[in-house]
Amino acid sequence: MTDMFDRQAASRILDDALSGADDGEIYVETSRSESFVFDDGRLKSAAFDTGQGFGLRVVSGETTGFAHSSEMTEAAVKRAADAASAAKRGRHGVLAEGPTPTNRRLYTDVDPTESPDFSAKTNLLAEIDAWCRAKDPRVVQVSCSLSGSKEDVEIIRAGGSTVGESRPLVRINVGIVMEKDGRREAGGAGAGGRAPYEEWLRPERWKALAERAMRKAEVNLESIPAPAGEMPVVLGPGWTGVLLHEAVGHGLEGDFNRKGNSVYSGRVGQQVAAKGVTVIDDGTIENRRGSLSFDDEGTQTQRNVLIEDGILKGYMQDRMNARLMGVEATGNGRRESYACQPMPRMTNTFMAGGDHDPEEMIKSVKNGVYAVDFGGGQVDITNGQFVFQCTEAYMIEDGKIGAPVKNATLIGHGPTVLEKISMIGNDFALDDGVGVCGKGGQSVPVGVGQPSIKIDAITVGGAG
């Protein structure tokens, strides 16, 4: 927190604002971020940004008063408190106890924007570009990027209790376009997490990333139009868990269920997926993109089993929705920045592994699709319907992986898909650390993962 910010004065103002309220806090943030984009053999952009501010929240019943400012002064805190206090409207509540403090830290206190220096980062991107072009003459375009940030957060609660930490985050991406016989196709790969740049900038790491991007472009050059219709689909491990995140995960967030808007509302204790399906949200995995030592309300993150052996066990909760539903907060209160209110959000969400050999899954399918990678997707929380675009997929013919297919989409209903999972692989993997989740106009970093799974029937959209 900036030294200009008077913690004692802010705490006194907050205590007055929370008199008669149910909950609230001041969330203070200072941030540094940078990004570099290298495209078409040159440095296309380089950006650096700093920011600071606070958000003050007063919660009364189901009403939230919230105000924020980039002006870090006592006067600004007083103005914010006066505005947020309107949420009470004469109502007198009982202030909830704050979260249990924690000294746990899941990542090192480093600033990616400081090390390595500017020239080392831009030279690396130029090296990646040159290496990819030299590796394969079919490469006609390389686009690579690097981004890093550090956020220092501090949460002030009633009585002057505070909790704070530094949160690093980095990401590297490589995009490739290949040309063969007049046809051009693209492929991409990325990685990142809450660790220093050096973790991803070792030659063996970025070369493996570049090779994966080139392999995807190469596969797409040989792709044929995707089939259409209902058929078995086998999903590969890792990033394909983004389908689980979108089609199922959002429906398990507390606010949607408290309001009765989710297809999972009121179904705790019921069978909502096939036996063997276990879905977990875990914000405690060291250095992972979606991990936090504590959430943006100060609650320790934890390993939350949402679905166990097909039975719905509970939802992801922030403090307000947990209080209104009569349950405990689960460490899932997240916000994009100091200018945003917290809401229940995912951290690292994944399906636990099973005991089937992935090759056994492929052999069990006569005609179907093997989906390895996804692009964008959409889901309707109220009915669970989703659509996902496959960026790498193959035909399965007579139990063998066949030709790659282009423009395949998976169309389905989240709860129904969970019920049609018949085989769960022993090859569990988390994604490489590139997930970004959007909700209510806010974006936060997340992780996903799963083993290979076989879905007995799902609609594939394609050329037909």
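Position 1 is the first residue of the sequence, and the numbers go up from there.
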is_close_aromatic(F428, F350), centroid dist under 6.0 Å: yes
Heavy-atom donor-acceptor pair, R167 side chain to D152 backbone, under 3.5 Å: no
Minimum heavy-atom distance K150-V110, with the two atoms named: CD-O, 3.6 Å
Where S143 and D39 come nearest, the two heavy atoms and their spacing: CB-OD1, 3.5 Å
N/O donor-acceptor pair under 3.5 Å between T240 side chain and G236 backbone: yes
K439 to F256 six-membered ring, cation-pi geometry met (6.0 Å, 45°): yes
D432/R289 under salt bridge (Lys or Arg N to Asp or Glu O under 4.0 Å): CA gap, chis, key distance, verdict: CA-CA 9 Å; D432 289 319; R289 184 174 176 84; over 6 Å; no
Non-hydrogen atoms of D309 and T278 that approach each other most closely: N-OG1, 3.1 Å
V446: partners by side chain to side chain contact (heavy atoms under 4.5 Å, CB included), with sequence neighbours left out: H245, R334, C437, V444
Atom of G24, atom of R157 and distance for their closest heavy-atom approach: O-NH2, 3.2 Å
Derivation of the side-chain contact (heavy atoms from CB on, under 4.5 Å) call for R288 and D431: CA-CA 10 Å; R288 293 298 304 181; D431 77 294; 3.3 Å; yes
Within the 6.0 Å centroid threshold, strictly below: Y338 and Y27: no
Pairs satisfying ring-ring contact (aromatic ring centres under 6.0 Å, His included), at least one member in residues 279-337, at least two apart: none
